[in-house]
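Only one structure is covered here, and it is reproduced in the block below.
Residue numbering restarts at 1 for every chain, and letters A, B, ... go by the order of the sequence lines.
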2 protein chains.
Amino acid sequence: MKKSRTTITEIANQLGVSPSTVSRALNDHPAISKKTKKAVVKLARKLNYQPNLLALNLLKNKTNTIGVVVPEITSYFFSSVINGIQDMVNPLGVNMIISQSNESYEEEKNIIQTFTSIRVDGFLISPSSETKNFGHLKILTDNNIPLVIFDRDCEGIEVDKVFVDEYNGAFQAVEHLIQTGCKRVAHIAGQQTLSTARHRLKGYKDALSKYNIPVNEKYIVESCGFAPEHGIDPTKKLLALPNPPDAIFTINDGVAIGAMYAIKEAGITIPEEISVIGFDDDPHSSFFKPSLSTVWQPTYEMGVLAARFLMRRINASNEISSFRIETLLPELVVRGSSR
Amino acid sequence: MKKSRTTITEIANQLGVSPSTVSRALNDHPAISKKTKKAVVKLARKLNYQPNLLALNLLKNKTNTIGVVVPEITSYFFSSVINGIQDMVNPLGVNMIISQSNESYEEEKNIIQTFTSIRVDGFLISPSSETKNFGHLKILTDNNIPLVIFDRDCEGIEVDKVFVDEYNGAFQAVEHLIQTGCKRVAHIAGQQTLSTARHRLKGYKDALSKYNIPVNEKYIVESCGFAPEHGIDPTKKLLALPNPPDAIFTINDGVAIGAMYAIKEAGITIPEEISVIGFDDDPHSSFFKPSLSTVWQPTYEMGVLAARFLMRRINASNEISSFRIETLLPELVVRGSSR
DNA sequence: CTTTTTTATGCAAACCTTTGCATAAAGTTT
DNA sequence: AAACTTTATGCAAAGGTTTGCATAAAAAAG
């Protein structure tokens, strides 16, 4: 029973004019008389005409759709970046199609392949932790498909990029720990394939150096993920050291939550015996006891900015030569888990 | 420099055959000779031919895209439903385009309007808490656009639906509280526009009745959202009662987390003096101290099932008469916040 | 009343692919 | 050798819209 939706030709027939006239009338073309315009618009409204975007897409070779590829969608971090993207892009009549790589290089490649074949106008990508080879991204740039990378860097791919100053955030966090009297600051690091994890580690080390504290490799443990359960084992390892740390700076809030759990389990008090500080400012963080000190990241803003960069590329008919790299500032949020 | 991608016509010209032959060869049509097929396929591969899906979409009047409308994406609940949808739909070559209503009726209407105009093949919708009027959904069904409603019901709209048995989950939770010795069980309810919230409230009341406990309206407080901060005030209100509750069943884990925070703040012990039980089984829940008892919902499965229903509708050329309503079973997860 | 200018509209191509029908060439049957 | 069947390919339409160019009609100028 699906009655086909009204087309421009239908309006044209009913009015006894040609489709081109209808098209021009609806687009307010100057060469169409006022009477015709009025008649067309009226009938179009009456028949509830809606332009067939599929036809438009084919003609313009443009989909008004951007592809967003993130490692996962369930984390607060990425879902709030997506919020920013959506809010930037929707008012422009652009839609986003999202897919998760689940931190898998293969899946990431497939997604990009799929999105390319449905001809998204551009890509917004944060690579998976498995991704070391950037050939799939190179194909995009080689084919002049607009691409913006955010949060996690892909060294060697020259495109617009938006990051958070991870180094600065980590430095602030560790400096705060030292200034509040912690002597043995440990770090539960993230997978070192990730630029973000590397920069935070660097920030940690440099902050120690600034205060002439030697870097103790025993105090650096790598977690294999970002969820609370990934914080448990590294924390136990740290607590079991002959000279256990009196502060732990973790790669993110998820891991910090796991760390706090393990610490409490061991009967150690936070922050009196051990300070803990995370990264991300997950909305849950302030409701733990003690509430989690952390480093807030401008996630929403990152989404907005990345989307803005992408739209600029998409709308630039002529090549824009220089690539922009923007680094946003995080902020230390001191709560109850640090002194 | 954007070299236009290779088309079927290009291959045809290079091979001195017609485009139709190329099309048929690539689609393995029986009426094409083996030699021609081989030649076409070889050249297509060499030129890295990829069919123009835009043209296909126009021709078939189908986009292989489904529209997913959720209240928000940052909650674990909806993001894991989306996970299920994606995993069901991607292997079928179908993409999903997601948008958030932010619990706003207006935004929800706009999203549906937009998705309709880009001609998604079908809709997967969980309405906003503001949505009381379902005219915008009626338009979809009137126009025979496939639609599946999940989690939150829209009474009066006759389509396939997938729910969780909220009543059952709430009943289990409250029964558990009663059976572990709680005498004064309170409920922080959700906004009563939501079917889910209404069913949970009903489950709460009926469980009390089963044990001949009168329903005390003072023990029922409505929260205005699902985040931890929305649990604080209702909890304070309950604790300030002359005869405060010894158990609180909350609309979801977010609110439960806020409730636990307020309770600890008041110096009351969990679960000795007050038991707390949530709903959702958010991954953070087990890492609180005490860990949060809750009701697990099959979110991923709900996404998969809703997507399956939708794909069935989309692929059914002939009308399927009867609508399916599936209700999935939640499970009580007892942890440390209840006795 | 011509000729020129302006104004309003239509034609047809383009975007790319699929597919029913027609047709040419080859092969088979009488 | 004529009639028929099979096989392989091409033509053209369809899907809906935009747009350069042509053109008809009307208005202005001479």
Side-chain angles (χ1 to χ4, degrees), chain A residues 2-41 43-44 47-65 93 116-121 143 317, chain B residues 2-41 43-44 47-65 93 116-121 143 317:
Chain A
K2 191 170 227 161
K3 55 178 177 215
S4 71
R5 305 186 225 196
T6 38
T7 73
I8 229 169
T9 320
E10 219 167 293
I11 298 179
N13 289 342
Q14 288 200 30
L15 252 47
V17 297
S18 80
S20 7
T21 303
V22 176
S23 168
R24 280 190 261 251
L26 291 172
N27 292 317
D28 207 26
H29 191 283
I32 299 292
S33 72
K34 271 154 214 146
K35 307 125 216 165
T36 318
K37 265 182 201 169
K38 209 169 277 181
V40 168
V41 170
L43 185 58
L47 296 180
N48 188 29
Y49 167 76
Q50 290 191 260
N52 187 331
L53 293 191
L54 300 183
L56 257 276
N57 287 347
L58 175 59
L59 191 68
K60 298 273 171 67
N61 198 32
K62 201 167 187 249
T63 51
N64 286 315
T65 302
T116 307
S117 80
I118 64 174
R119 318 240 166 169
V120 294
D121 292 341
N143 285 56
S317 43
Chain B
K2 191 169 226 163
K3 57 177 175 217
S4 70
R5 308 186 222 197
T6 37
T7 74
I8 229 170
T9 320
E10 218 168 295
I11 299 179
N13 288 341
Q14 288 200 30
L15 251 48
V17 297
S18 81
S20 8
T21 304
V22 176
S23 168
R24 281 190 261 252
L26 291 172
N27 292 317
D28 205 27
H29 191 283
I32 300 292
S33 72
K34 272 156 213 146
K35 306 126 218 163
T36 317
K37 264 182 203 171
K38 208 169 281 181
V40 168
V41 170
L43 185 57
L47 296 180
N48 187 30
Y49 168 76
Q50 290 192 258
N52 186 331
L53 293 190
L54 300 183
L56 258 275
N57 287 346
L58 177 58
L59 191 67
K60 298 272 170 67
N61 197 33
K62 204 167 184 251
T63 51
N64 286 314
T65 301
T116 307
S117 79
I118 64 175
R119 319 242 164 166
V120 295
D121 292 342
N143 285 56
S317 42

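- When heavy atoms are screened at a 4.0 angstrom cut-off, B:Ile8 is found touching the sugar-phosphate backbone but no base atom.
- For residues 19-28 of chain B, proximity to DNA chain C is found at B:Ser20, B:Ser23, B:Arg24, B:Asn27, defined as any non-hydrogen atom under 4.0 angstrom from a strand atom.
- For the pair B:Ile11 CD1 and C:dC16 P, the computed distance is 13 Å after rounding to whole Å.
- Whole-Å rounding puts the A:Asn13 CG to C:dG10 C1' distance at 14 Å.
- Within the helix from C:dC1-D:dG30 to C:dT30-D:dA1, the inter-axis angle between the opening and closing five-pair segments is 70°, rounded to 10°.
- Distance B:His29 NE2 to D:dA8 C1': 11 Å, rounded to the nearest Å.
- Atom CG of B:Asn61 is separated from atom C1' of C:dC16 by 16 Å (rounded to the nearest Å).
- For B:Leu58, the listed nucleotide lying nearest its side chain is D:dG16; candidates were D:dG16, D:dG10, D:dT9.
- Distance CZ (A:Arg5) to C1' (D:dG16): 13 Å, rounded to an integer number of Å.
- The shortest distance between side-chain heavy atoms of A:Arg5 and B:Thr116 falls below 4.5 Å.
- Atom NZ in B:Lys38 sits roughly 14 Å away from atom P in D:dA8 (whole-Å rounding).
- A heavy-atom distance below 4.5 Å is found between the side chains of B:Val17 and B:Val22.
- The side chain to side chain donor-acceptor pair (under 3.5 Å) test applied to B:Thr36 returns B:Ser33, not counting sequence neighbours.
- Counting to the nearest Å, the C1' atom of C:dT9 and the NZ atom of A:Lys34 are 16 Å from each other.
- Closest non-hydrogen pair, A:Ala12 versus A:Ser18, comes out as CB-C, 3.6 Å.
- Going from atom OG1 of A:Thr6 over to atom CG of A:Asn48 covers 6.0 Å, rounded to the nearest 0.5 Å.
- Residues B:Pro19 and B:Ile8 share a closest heavy-atom pair of CB-CG2, 3.9 Å.
- Among residues two or more places apart in sequence or in another chain, the side chain to side chain contact (heavy atoms under 4.5 Å, CB included) test is passed with B:Ala44 by B:Ile11, B:Leu26, B:Tyr49.
- A sub-4.0 Å separation between OP1 or OP2 of D:dT9 and a side-chain N or O of B:Thr36 is present.
- A heavy atom lying under 4.0 Å from DNA chain C marks the following residues of residues 47-55 of chain B, by number: B:Tyr49, B:Pro51, B:Asn52, B:Ala55.
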Which pairs of donor and acceptor atoms, one on a side chain in residues 50-63 of chain A, lie under 3.5 Å apart (sequence neighbours left out)?
residue, atom, partner, partner atom, Å
A:Asn52, OD1, A:Leu54, N, 2.8
A:Asn52, OD1, A:Ala55, N, 3.4
A:Asn57, ND2, A:Leu53, O, 3.3
A:Thr63, OG1, A:Thr65, N, 3.4
A:Thr63, OG1, A:Arg119, O, 2.8
A:Thr63, OG1, A:Asp121, OD1, 3.2

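- As a whole-Å value, the separation of A:Leu15 CG from C:dT9 P is 11 Å.
- With rounding to the nearest 0.5 angstrom, the CD1 atom of B:Ile32 is 15.0 Å from the NZ atom of B:Lys38.
- Of all nucleotides listed (D:dT17, D:dC11, C:dC11), D:dT17 comes nearest to the side chain of A:Leu56.
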